[in-house]
Asks: 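The structure follows.
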2 protein chains.
Amino acid sequence: MLREGYAAATTRRVAAEAGVNSALVSYYFESIDGMFVELFRRGAEQSFERLQEALSSEQPLWAFWELIHDQSNSALTMEFIALANHRKAIRDEIAEYSRRFRRAQVDSLHEVFDRYGVDSAHWPTEVLVVILSAISRYLLIEKSFDVDIGHAETEAMVRRYIAELEGERSAA
Amino acid sequence: MLREGYAAATTRRVAAEAGVNSALVSYYFESIDGMFVELFRRGAEQSFERLQEALSSEQPLWAFWELIHDQSNSALTMEFIALANHRKAIRDEIAEYSRRFRRAQVDSLHEVFDRYGVDSAHWPTEVLVVILSAISRYLLIEKSFDVDIGHAETEAMVRRYIAELEGERSAA
DNA sequence: GTCTATACCGAGATAGAC
DNA sequence: GTCTATCTCGGTATAGAC
C-alpha cells in the first residue's frame, strides 16, 4: 500500500509477499475488502495507544503535535482515506475510529488547555484540536507533492504557539 | 470519478458513457493516464479562473473562503490526489498547479491583508493562506466521512475572523 | 489449513478494416 | 475518425484434492 498504493495490494500480490497461496486471502478475510478492514483496525488500535501515551505524557501538546505531524503515520492514513472514498465497509470503519480519536483528543486536551490558562470561551478545545489536525494533515499532503510554499512559516507558528503554552520541548 | 472513484473511470466505461468505442480513448489520449491529465488540466484551468475572479472581487477574503470551502470542488480534487499518489505524470501536473494557485493566492491576499491592517510580521500571508486552506480541506474530508466534531465551532471561528477584517458578507 | 486448478471478468492496448 | 476484433494480463473468488 505504501509503495504502490492500495490498488496494488491485490490478493495475488499480498499472498505472494506472504509466501502463501492467494486462495488463503479469501479463506482468512473473506474478501479483499475484509483484509483492508482488518489491516486498518490493527493499525488504528496501535495508533490509539500511541495517542493515549502522548496525551498523558509530560508535555501533551508537544507530544500530540509530533504524533499527528509524523509523515510515517500519515501516508498510510491517506491511502486508507482514498480507499474508503468508495467502499462503505472501510468508510464506516474509518469514520468510527476518527470520532473515537477526536473524542479522546478533546477530552484530554480540554483539561490541558484549561491548565495552561487558555480561554475556552474564545478558543474551544474542539476548535484548537481541529485546527492543529488540519494544519498537520494539509502540510503532509502538500509535502508529498513537493509543494511547500508557506510550510516553514506555518510550522514555526504552530511550534511557537505550543511553546508559549507548554514551554520549550524538553529532550525526549 | 465522483460517483465511484477514479478506479471506476476505465477506458471501457468512459467510452460507453460517451457513446463511443473504447479504442478511441487510446486514439485521443494515448493512455488512460493521459486522459486523467487532460481532465485535470481542464478542471484546473476553470478553477484558476474562478480563483482570479474571487481574489479580485469586492470581498476577496469571503470569496476566497467560499471558493475553497465548496464541497463540489473538493470531491474531485480528493479523487485526483488519491489518483496522483502513485502516478508520476499526474502528480507532477497537480504539484505544478498547486504552486501556481498558492502563488496567486499569496500575491493577491498579501495586499488585501495589508489593507485590512493585518501585521504581516506576526501573520505572514503565506501562513494565513495555508491555515485557511488546511481548515477548509480538512473539514470537507471529515464531512465526507460524516465526522463533524468541532466543525460548526471551527467554521464559525473562521467566519468571525473574516468578518472582523472584511465586514459581514454582503449579498451576492 | 493449504494447495491446485479454474471460472469469470474486465482492464489497457493495438492492428487493421472501413 | 471510428469501428471490430483480439491480445495479454491480472484481478477476485470458489471447488475440491490433500
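Proteins come first, then strands; the chains are lettered A, B, ... in the order of their sequence lines, and each starts at number 1. These numbers come from the heavy atoms of this one structure, side chains and all, not from hydrogens, waters or symmetry mates. A quick note: this is a predicted structure, and the numbers were derived from the prediction, not measured.
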Asks: State, without any angle test, whether B:S170 and B:Q59 hold a side-chain donor-acceptor pair at a distance under 3.5 Å.
Replies: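 Distance-only check passes for B:S170 and B:Q59.
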Asks: Taking atom P of C:dA13 as reference, at what distance in whole Å does atom OH of B:Y28 sit?
Replies: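 From B:Y28 OH to C:dA13 P: 17 Å.
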Asks: How would you list all residue pairs meeting ring-ring contact (aromatic ring centres under 6.0 Å, His included) that involve residues 88-147 of chain B, not counting sequence neighbours?
Replies: B:F40-B:Y97, B:F48-B:F101
Asks: Indicate, with a heavy-atom threshold strictly under 4.0 Å, whether A:T11 touches base, sugar-phosphate, or nothing.
Replies: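 Answer is base: heavy atoms of A:T11 come under 4.0 Å of a base.
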Asks: Heavy-atom count check: over 12 atoms from other residues, nucleotides or ligands less than 6.0 Å from B:E30 CD?
Replies: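 No, because the 6.0 Å sphere around CD of B:E30 holds 12 heavy atoms or fewer from other groups.
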Asks: Whole-Å distance between C:dT2 P and A:F29 CZ?
Replies: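 It is 12 Å, rounded to the nearest whole Å.
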Asks: When the ring planes of B:Y6 and A:Y6 are compared, do they come out parallel, tilted or perpendicular, using 30° and 60° as the limits?
Replies: tilted
Asks: A:F36 has an atom CZ; how far is it from atom P of D:dT12, in whole Å?
Replies: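 Between P of D:dT12 and CZ of A:F36: 8 Å.
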Asks: If you take any heavy atom closer than 4.0 Å to DNA chain C, which residues from residues 15-26 of chain A end up in contact?
Replies: A:V20, A:N21, A:A23, A:L24
Asks: Rounded to whole angstrom units, what separation is found between the CZ atom of A:R87 and the P atom of D:dT12?
Replies: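 Spelled out: CZ on A:R87 to P on D:dT12 is 9 Å.
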Asks: Once you round it to whole Å, what is the distance between P of C:dG10 and CZ of B:R13?
Replies: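 Spelled out: CZ on B:R13 to P on C:dG10 is 10 Å.
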Asks: What is the separation between atom CZ on A:R12 and atom P on C:dA5, rounded to the nearest whole Å?
Replies: 14 Å
Asks: Show your working on side-chain hydrogen bond (donor to acceptor under 3.5 Å, both in side chains) between A:E155 and A:H69 and close with a plain yes or no.
Replies: CA-CA 10 Å; A:E155 286 182 20; A:H69 203 50; 3.2 Å; yes
Asks: How far apart are the C-alpha atoms of A:R91 and B:D146, what are their side-chain angles, what is the distance that settles it, and do they pass the salt bridge (Lys or Arg N to Asp or Glu O under 4.0 Å) test?
Replies: CA-CA 10 Å; A:R91 231 184 66 125; B:D146 299 313; 3.2 Å; yes
Asks: Rounding to a whole Å, what distance do you find between B:Y6:OH and C:dG12:P?
Replies: 12 Å
Asks: When the axes are fitted on five pairs at both termini, how much does the helix from C:dG1-D:dC18 to C:dC18-D:dG1 curve, in 10° steps?
Replies: 0°
Asks: State whether a side-chain donor-acceptor pair under 3.5 Å links A:D33 with A:S31.
Replies: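 On atom types as modelled, these side chains do not qualify, holding no pair under 3.5 Å.
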Asks: Quick one: B:E4 CD to C:dG10 C1', roughly how many Å, whole number?
Replies: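 Going from B:E4 (CD) to C:dG10 (C1'), I get 14 Å.
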Asks: Determine whether more than 12 heavy atoms belonging to other residues, nucleotides or ligands lie under 6.0 Å from atom CD of A:Q71.
Replies: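 Counting other residues, nucleotides and ligands, CD of A:Q71 exceeds 12 neighbours.
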Asks: Using the side-chain heavy atoms of B:Y27, tell me which of these nucleotides is nearest: D:dG11, C:dA11, D:dG1.
Replies: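 From the listed options, D:dG1 comes nearest.
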Asks: When A:E93 is tested against each of A:K88, A:R41, A:R87 for side-chain hydrogen bond (donor to acceptor under 3.5 Å, both in side chains), which residue passes?
Replies: A:R41
